[in-house]
Every structure is written in structure tokens, then in C-alpha cells.
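Below is one structure; the comments refer to it alone.
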Number of protein chains: 2
Amino acid sequence: MEAVLTEAVALLDEAGDSALTFRALAARLGGGVGSIYWYVASKDELLDRATDHVVGQLLSDVQERTNGDDPVDDLRVLALMMFDAIVARPWLGAYFMRNSLLQPNTLRLYDLLGQQVLRLELTPRQSFHAVSAVVGFTVGTAADLGQEPPQEILDGRVGREEYLARFADMWRALDPDEYPYVHQIADEFAHHDDADQFRAGLDLLLAGLRQQAGR
Amino acid sequence: MEAVLTEAVALLDEAGDSALTFRALAARLGGGVGSIYWYVASKDELLDRATDHVVGQLLSDVQERTNGDDPVDDLRVLALMMFDAIVARPWLGAYFMRNSLLQPNTLRLYDLLGQQVLRLELTPRQSFHAVSAVVGFTVGTAADLGQEPPQEILDGRVGREEYLARFADMWRALDPDEYPYVHQIADEFAHHDDADQFRAGLDLLLAGLRQQAGR
DNA sequence: GTGGATTATCGAACGTTGTTCTATTCTGTG
DNA sequence: CACAGAATAGAACAACGTTCGATAATCCAC
């Protein structure tokens, strides 16, 4: 069982979403296809368990870093760690949203975020909304930014720099009257860093939360 | 071509993600499977075009509602319309993140959001981050909340109320010391409304943005 | 230690999917 | 009428998730 999950995760890490097939996994485990079905009832369940498996690792990393002075700072650290974990494993993002609250480790992670918010002493509704917002923003942004890059950048034919530069060039070539924002932002986009982008958005969200909590 | 996209969207709307197959689409169009490949090179392209097709409709709805007094209020309206569109079409969320900036209508929508942010007179970098944050939060949350509900709720065997109540019961049964937040939030969750949840999070984010812009 | 029940493994087979390929029909132009 | 390109059609292929019955390994009461 443990081996099944480990190899499944390894397969996902190495070649992404499409690499995890029952046949490939069986070959890797040195067994038959049917054997895997003794441990999991379907591919959906395999994915769910594999996801929760790595969330478990994230969880133990996270639990050491909590309980600082400021709840919002703690929240920030937790969100950043979640973000990093998803970016490091692009396949994670897509499955993070699915069934999230049914998997044990994910629920624990969710609660850990909630514990920080509880310290802000908001109303229950405000607490609920705050946690949902942080989770939604983190997972959504990470899944968006961490999506599998196109083939040409994956095998190193073109670097990230050049890839971004292409977009920037396309956008600069657009009519500034029709696309005033995209046209103006092209330079910024060409040299942007995903993690910076996430941190900036997260800080906006947390600033709003701070304001609501009166801190 | 137009008919292909229309029927593809209809198929997705009626029975979701898995219902859109080349064979089902061909049958619906009264033609052969191979014919579709004359219009689209792959299923990915079909999905991209179908997505951009409905974003086009959203775009024309959106363009009438813009240019209010307050840029942040406009931003709020735009984000809410995006959210509603994705919730109404759960399949949209998943494909919204993919290739978003390559599709013409999506790029235009992105620019429309950007135009509101430009009015706040932030630095280019701040503008870029603000738009990214709003888009990330909106799409991420909508995709998360708007995910396909499980089968039992889809065919009406159990209502939404009962479905949520089950979670609440499970959570109330947890050890309050181990899951203080989830335990406490159970009631709130049982009666929550997705749109409220989204609006509350969006308002936190926009409050942070307002603060940054000094308004 | 032996027999039966449970646990675990295996790979052939089935139905469905995206995609390719070749043959065929339609359409407009000289 | 002829012919080139646009457009359609469906058979065929490989890969996938899943099912199934046969078989091996392991355990446990007697």
C-alpha cells in the first residue's frame, strides 16, 4: 500500500499528470495491473490518496513553523508553504480542490489555518470566510501559476525568459487603445516572478483581514 | 464551425466534462467523427475554443456594466460576474486557468479588469499584482466552489442541505482539541452560501487594495 | 500438519476514448 | 465538362480504466 502511493507520487513528479497510468504503475511495482485494484477501488481514489499522502508530508513540515506572535504572520507562513508545495508539484493543484475536505491530512491543514484565524477573535462567520478566502486564493493562484508549462519549455528548447518575452512582445504589439492595460503591463510581465506575484496578492488579502480584525 | 462550438458548449452544459466526446459531438451534429478534426486539431483546441466562446458572451455582458465612479467597485462587479459565470458552468473553471492569456476574449476580459486598476494610479508592478490577485482569487475560488457535486446530489437523491449537514455532523464529532477550528465552524458551514463566501473574501482582498491605493 | 478461509496477485479481455487515415462527396472556377 | 480544393464520413489503431476468473500465498483453528 505504502509502496503503491510512493511510486504513484514518483510517477506524477517525474512526468506529470498523464504519466500515472495503471499499467505504468504496475510495471514500476513489478506486478500486474489488477493487483493495484486490491488497494484502491478506482483511479480517483488513487489520486485522492496520493494527494493526501504528500499533504501529510507538507503537514509535518508546517506544524513546526506555527505559533508565532502574530496570527496573521502565521497565516502568511502557512499559505506560503502551501503555495510552494503546489508549485513544486504542479499536478497537486488540480487535485487539491477536489474532495479536499474529505481527506484527513487536508482537513488537518485546513484546521491549522483556521486556528490562526481563531486567534483574531472575529465572528464565526468572519472566521469561516477568512479561511476560505486564504485557501481559495492560495490553491487557486498556485494551480494557475503552477500549471504545466508547454512542451517547448519543458524540454529546454526555449528558456523561461524567452517564453515570457514572447508574450510581452505580442502584448506590446497590441493596440494601446484597445488593450491599455495589457499593453502597459508587458514589461512587468516579462520579468515577473511567480512567487512575488503570489506574495503581493496574499499581502493584499491579509491587509484586508488585518483591517477587519482591527489590528 | 460555429455549430461545432455551440453544440460542444451545450454538451458540456448539459452533462459536464465527461459528456463531451468526439463521438457524442459528432452524433449531435449529425456527422462523422472525423469531420470535427477538420475544424479543430485536437480536443485541447476544442476545449480552448469552447471556453473562449462562452467568455465572449460573458465579455459582452460585462462591457455594459463598467465605468462607474469608483474603480474598486467596478472591479468588484467584474469579479462577481466572472464568478457567477463559472459557477453557472462548472466545467469552465478548470479550463479558465489553462492558456488563459492566449485566448482572445480572455485576454480582453483580463484587460478590462486591468483598466479599472489603472485608474487607481499605482505603480506598474502594483497594478500587475493587483489584477493577478483578483483574477487568481476569483477563478480559483469559483473553480473550487463550483466543482461538480457528487453523484448523489446531482440526481437529487440528497439535497444540498442534507449534504452539508453530513459534513457538519462529521466535524462536530471530531475531537475539539485536535480540530478546534473545524469543530467550531461546523454550524457556519452547514448553512453557508457559496456566493456569500466568495463576496466576503473578495471584499477582504479589495479592502487591502483600497488601503494600498490610499482610498 | 492439514484443510478451509482469507488475503493477495496476475494478466487476458471488454468497452470507451482521442486520433489517424483513406476514400468519398460536395462546391465552385476555368 | 473537368478538375482542384474544401469538406465529410467511418473504419482502424493504440492507450486507457476497469472487470473478471484463476491462481498463489498466508494464516489459523483443530
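Both backbone and side-chain heavy atoms feed into the values below; hydrogens, waters and symmetry mates do not. Sequence lines set the chain letters: A, B, ... in the order given, protein chains first and strands last, and positions in each chain run from 1.
The pair A:Asp196-A:Arg199 meets the salt-bridge criterion, since a charged nitrogen lies less than 4.0 angstrom from a carboxylate oxygen. Salt-bridge formation is detected for the pair A:Arg172/A:Asp169: a Lys NZ or Arg NE/NH1/NH2 atom is positioned less than 4.0 Å from an Asp or Glu carboxylate oxygen.
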### Query
Dot-bracket for DNA chain C, 5' to 3', counting Watson-Crick or G-U wobble pairs under 3.5 Å, with [ ] for crossing pairs and | for inter-strand pairs?
||||||||||||||||||||||||||||||
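Between B:Leu205 and A:Leu204, the shortest heavy-atom contact is CD1-CB, 3.8 Å. Closest approach of B:Ser127 to A:Tyr181, counting heavy atoms only: O-OH, 3.6 Å.
The number of heavy atoms from other shown groups lying within 6.0 Å of CZ (B:Arg28) is above 12.
For the pair B:Gln116 and B:Val134, the minimum side-chain heavy-atom distance is 4.5 Å or more.
Taking the six-membered ring where tryptophan is involved, the planes of B:Phe189 and B:His192 are essentially parallel, since the angle between them stays under 30° and well short of 60°.
The interatomic distance linking B:Leu25 (CG) with C:dT17 (P) rounds to 12 Å, in whole Å. Spacing between atom CH2 of A:Trp38 and atom C1' of D:dA24 amounts to 15 Å, rounded to whole angstrom units. One can place OH of B:Tyr39 at 18 Å from P of C:dT19, the figure rounded to the nearest angstrom.
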### Task
Go along nucleotides 9-23 of chain D 5' to 3' and tag each nucleotide: B for a protein heavy atom under 4.0 Å from its base, S when only backbone or sugar atoms are that close, - otherwise.
BB-B---BBBB----
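For A:Val33, the side-chain contact (heavy atoms from CB on, under 4.5 Å) partners at least two apart in sequence or on another chain are A:Phe22, A:Arg23.
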